[in-house]
Amino acid sequence: MCGRFAQLIELEELVDSGLISDLSLTNINEVNKYLSEKQIRPTQPCVVFTTESSSKEASASIARFGAKVKLGGNSSPKLLINARAETALDKPLFHKSLMTRRCIVPVSGYYEWSELHGGKRVPYLIHPQGNQIAKLAGILLRDAVSGGEGVLVITTDASQSVSHIHHRQPLHLSQQETRMWLSRETSTKDISNMLIRSDQVKLHPTQIASSYLGDREVSLAEASTSEYTEQLRLF
DNA sequence: CCAGACGTTGTT
DNA sequence: GTCTGG
DNA sequence: CCAGACGTTGTT
DNA sequence: GTCTGG
């Protein structure tokens, strides 16, 4: 679950989201060109927000979705894209990242496939109300193969509004929680509470045409974002 | 104590 | 490094 | 997550 | 069926 998401984000929406208060303070211009992806799949670069130790303000940077980890010396590296909220703090592999390398993945929505119509997998975009940005809880992990930055999305039990599509969902944070998640002052206890709390900001599933995601890569220019924003405006 | 693992999802 | 299993 | 491949040798 | 690549 949460193996694919969209980052089709306007700068002003990013300001509205509360992730950045002052455009000039971030490397946002450099990052902006990444914020027009309809589909971000594992291994592809995406935009994340983190708070560097030297700074109080969160800033944008690029990380690849997922990180390859070496499990057991012999086996081949495995790509991980999610970490379970219920157990992440207990996992040696994730613990340090949860303590010091938390990040936010701002998304227009994420995709989920649900089995319908005689075994066919039907895609949904699961997104906040209106054109708001969803702030997904993530952790950064060093990729054991490339050495680059990878981001894993924290997953939790699906809340009622999307549980009919799928039984898991990304940990979706409110504005207040986002601040805590990104702060380097937040205690382990508070992190733990955020990971296991039951309520989440509501998300809405919108069924989308299979052709929208397509079996072949379609360039943004060809696809035109209007089709996409049309989908979103329905809600 | 040491040795060995260290991960998620969905599906069966 | 740190947890689990024996 | 889904889509797509799933193979080897020698020669160019 | 299962693995790899994006």
Side-chain angles (χ1 to χ4, degrees), chain A residues 1-8 34 36-47 62-101 105 107-117 119-127 134 136-146 148-158 162-172 188 191-192 195-196 203 205-220 222-223:
Chain A
M1 65 84 35
C2 195
R4 215 181 274 203
F5 55 85
Q7 280 187 326
L8 264 175
Y34 287 93
S36 51
E37 289 296 328
K38 185 167 73 167
Q39 293 190 72
I40 290 162
R41 301 182 284 178
T43 72
Q44 295 178 322
C46 62
V47 174
I62 305 300
R64 285 179 181 268
F65 181 24
K68 283 193 169 165
V69 298
K70 292 214 170 105
L71 305 169
N74 49 339
S75 60
S76 57
K78 197 163 169 101
L79 179 68
L80 297 180
I81 61 174
N82 296 141
R84 289 177 67 86
E86 299 90 331
T87 54
L89 267 173
D90 303 324
K91 303 289 186 185
L93 190 58
F94 298 149
H95 186 86
K96 199 178 172 190
S97 287
L98 261 177
M99 290 296 87
T100 62
R101 313 202 63 210
V105 188
V107 303
S108 323
Y110 67 96
Y111 299 104
E112 200 70 80
W113 283 257
S114 168
E115 196 155 305
L116 278 187
H117 315 130
K120 282 220 169 113
R121 301 274 287 168
V122 177
Y124 289 80
L125 179 71
I126 299 179
H127 58 91
L136 307 187
I139 51 174
L140 293 173
L141 218 59
R142 188 66 65 178
D143 187 293
V145 175
S146 70
E149 286 291 7
V151 56
L152 275 62
V153 172
I154 308 285
T155 65
T156 186
D157 272 334
V162 294
S163 60
H164 59 293
I165 308 288
H166 201 77
H167 70 109
R168 303 286 290 169
Q169 69 163 82
L171 184 58
H172 181 214
T188 307
I191 295 301
S192 175
L195 288 170
I196 63 173
L203 292 168
T206 301
Q207 192 179 335
I208 58 178
S210 300
S211 62
Y212 174 70
L213 290 173
D215 38 317
R216 267 181 305 131
E217 211 65 66
V218 180
S219 81
L220 262 178
E222 288 167 338

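Here is the naming used below: chain letters follow the sequence lines, and residue numbers restart at 1 for every chain. Keep in mind that what you see is a predicted model, and the values were worked out from it rather than measured. Computation of the quantities below employed the complete heavy-atom set of this structure, encompassing side-chain atoms and omitting hydrogens, waters and symmetry-equivalent molecules.
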Kindly say if [X] contacts the phosphate of [N], meaning a side-chain N or O under 4.0 Å from OP1 or OP2.
X        : N     : result
A/Thr155 : B/dT8 : no
A/Arg168 : B/dT8 : no
A/Arg41  : D/dA3 : no

Work out which heavy atom in A/Asp157 is nearest to a heavy atom in A/Glu86; give both atom names and the distance.
N-OE2, 4.1 Å
Would you indicate whether the side-chain heavy atoms of [Y] and [X] approach each other to under 4.5 Å?
X        : Y        : result
A/Tyr110 : A/Val153 : no
A/Thr155 : A/Pro170 : no
A/Met99  : A/Thr188 : yes

Kindly point out which of B/dT8, D/dC2, B/dT9 is positioned nearest to the side chain of A/Ala83?
B/dT8
What nucleotide among B/dT8, B/dC6, B/dT11 has an atom nearest to a side-chain atom of A/Arg121?
B/dT11
Rounded to whole angstrom units, what separation is found between the [atom1] atom of [X] and the [atom2] atom of [N]?
X        : N      : atom1 : atom2 : result
A/Lys38  : D/dC2  : NZ    : P     : 16 Å
A/Lys91  : B/dT8  : NZ    : C1'   : 10 Å
A/Phe94  : B/dA5  : CZ    : C1'   : 13 Å
A/Ile126 : D/dC1  : CD1   : C1'   : 12 Å
A/His167 : B/dT11 : NE2   : C1'   : 10 Å
A/Phe65  : D/dC1  : CZ    : C1'   : 7 Å
A/Arg4   : D/dC1  : CZ    : C1'   : 5 Å
A/Leu152 : B/dT9  : CG    : C1'   : 13 Å

Using side chain to side chain contact (heavy atoms under 4.5 Å, CB included) as the criterion, list what pairs up with [X], not counting sequence neighbours.
X       : result
A/Ala63 : A/Val48, A/Leu140, A/Glu149, A/Val151
A/Pro45 : A/Tyr34, A/Ile62, A/Arg64
A/Thr43 : A/Leu79
A/Ile40 : A/Phe5, A/Gln7, A/Glu37, A/Gln44, A/Cys46, A/Phe65

Taking only the [atom1] atom of each, what is the distance from [N] to [M] in whole angstrom?
N      : M     : atom1 : answer
B/dT9  : C/dC3 : C1'   : 23 Å
D/dG7  : E/dG5 : P     : 12 Å
B/dT11 : D/dC1 : P     : 8 Å
B/dT12 : E/dT2 : C1'   : 15 Å

Can you check whether A/Ala67's main-chain N or O pairs, donor with acceptor, with A/Asp143's side chain at less than 3.5 Å?
no
Range on DNA chain C touched by chain A - first to last nucleotide, heavy-atom distance under 4.0 Å:
C/dG1 to C/dC3
Identified stems (criterion: three or more consecutive Watson-Crick or G-U pairs, under 3.5 Å), DNA chain D:
D:1-6 with E:1-6
Touch check for A/Tyr110, heavy atoms < 4.0 angstrom, all strands: base, sugar-phosphate only, or nothing?
nothing
Before you tell me yes or no, could you show the steps for A/Ile126 and A/Gln169 under side-chain contact (heavy atoms from CB on, under 4.5 Å), namely the whole-Å CA-CA distance, both residues' side-chain angles and the distance that decides it to 0.1 Å?
CA-CA 10 Å; A/Ile126 299 179; A/Gln169 69 163 82; over 6 Å; no
